[in-house]
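Structure, as structure tokens:
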Amino acid sequence: MVFQQAAIKVQKEQEFEELKGAITRAFRAEKTETFLKRLSSAGLRVRDWDAVLAAGVFEQLDETLAKSGKPAASLYQSLTLSDQAQMREFYLFRVEEVEPKLRAKFHKLYQYY
């Protein structure tokens, strides 16, 4: 039996998709290392979603988000609680998908406290 996540309808689709797009673009193969370098220089842990949002890392890396004038943190705050949970889960899923070579290079970001 394979685990299948329950489908929960997204309430605020536009904001959700904008933020999801920024996360997806940050984890593209050519940008992942830059993203991790930014986290490292800011002294952030990769799994600390709230700190990553507060630091404005997505705005620094993503031209589309920067041009929209909507910070990732405000997009996230505008989401409903269930949408926020799905976004956090999506981000953490992408964090775990980073290739092992980069994870090894940035092992301090991935360490638990």
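What you see is a predicted model, and the numbers here were worked out from it, not measured in a lab.
- The shortest non-hydrogen separation linking Lys12 to Leu79 is O-CD2, 3.8 Å.
- Thr32 OG1 to Lys101 NZ: the interatomic distance, rounded to the nearest 0.5 Å, is 14.0 Å.
- Taking both residues in full, the closest heavy atoms of Leu109 and Leu36 are given as CD1-O, 3.3 Å, listed atom of the first, atom of the second, then distance.
- Side-chain N or O atoms of Arg45 include none that pairs as donor or acceptor with a backbone N or O of Ser40 at under 3.5 Å.
- Under a 3.5 Å cut-off, the side chain of Glu59 and the backbone N or O of Ala72 do form a donor-acceptor pair.
- Taken from CD in Gln86 to CD in Gln11, the straight-line distance is 9.0 Å, to the nearest 0.5 Å.
- Once rounded to the nearest 0.5 Å, the distance linking CD of Glu97 with CZ of Arg103 reads 10.5 Å.
- Taking CD from Glu30 and CZ from Arg25, the interatomic distance works out to 11.5 Å, rounded to the nearest 0.5 Å.
- Within a 6.0 Å radius of CD in Glu63, no more than 12 heavy atoms belonging to other residues, nucleotides or ligands are found.
- Checking side-chain atoms of Asp62 against main-chain N and O of Ala22 turns up no donor-acceptor pair under 3.5 Å.
- Proximity of Val46 to Leu44: side-chain heavy atoms (C-beta onward) are nowhere separated by under 4.5 Å.
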Open item on the list: For a side chain to side chain contact (heavy atoms under 4.5 Å, CB included) check, start with the C-alpha distance between Gln77 and Leu53, then their side-chain angles and the critical distance, and finish with the verdict.
Closed with: CA-CA 10 Å; Gln77 291 302 320; Leu53 278 179; 5.8 Å; no
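- Taking CD of Glu17 as the reference point, atom OG1 of Thr24 lies at 8.5 Å (rounded to 0.5 Å).
- In this view, Phe35 and Phe27, Phe58 satisfy the ring pair (Phe, Tyr, Trp, His ring centres under 6.0 Å) rule, not counting sequence neighbours.
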Task: side chain to side chain contact (heavy atoms under 4.5 Å, CB included) assessment of Val52 paired with Tyr91 - done: CA-CA 11 Å; Val52 172; Tyr91 171 76; 3.7 Å; yes
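- For the residue pair Tyr76 and Gln84, the shortest heavy atom distance occurs at O-NE2, 3.0 Å.
- Considering all non-hydrogen atoms of both residues, Trp49 and Met87 come closest at CZ2-CG, 4.0 Å.
- In terms of the salt bridge (charged side-chain N to carboxylate O under 4.0 Å, His left out) criterion, residue partners of Glu18 (sequence neighbours excluded) are, by chain and number, Lys70.
- Val57 and Phe93 fall into different hydrophobic clusters, where Ile, Leu, Val, Met, Phe, Trp and Tyr are joined by side-chain heavy atoms under 4.5 Å apart, directly or via other members.
- For the residue pair Tyr110 and Arg47, the shortest heavy atom distance occurs at O-NH1, 2.6 Å.
- For the atom pair OG (Ser78) and CD (Gln14), the distance works out to 9.5 Å, reported to the nearest 0.5 Å.
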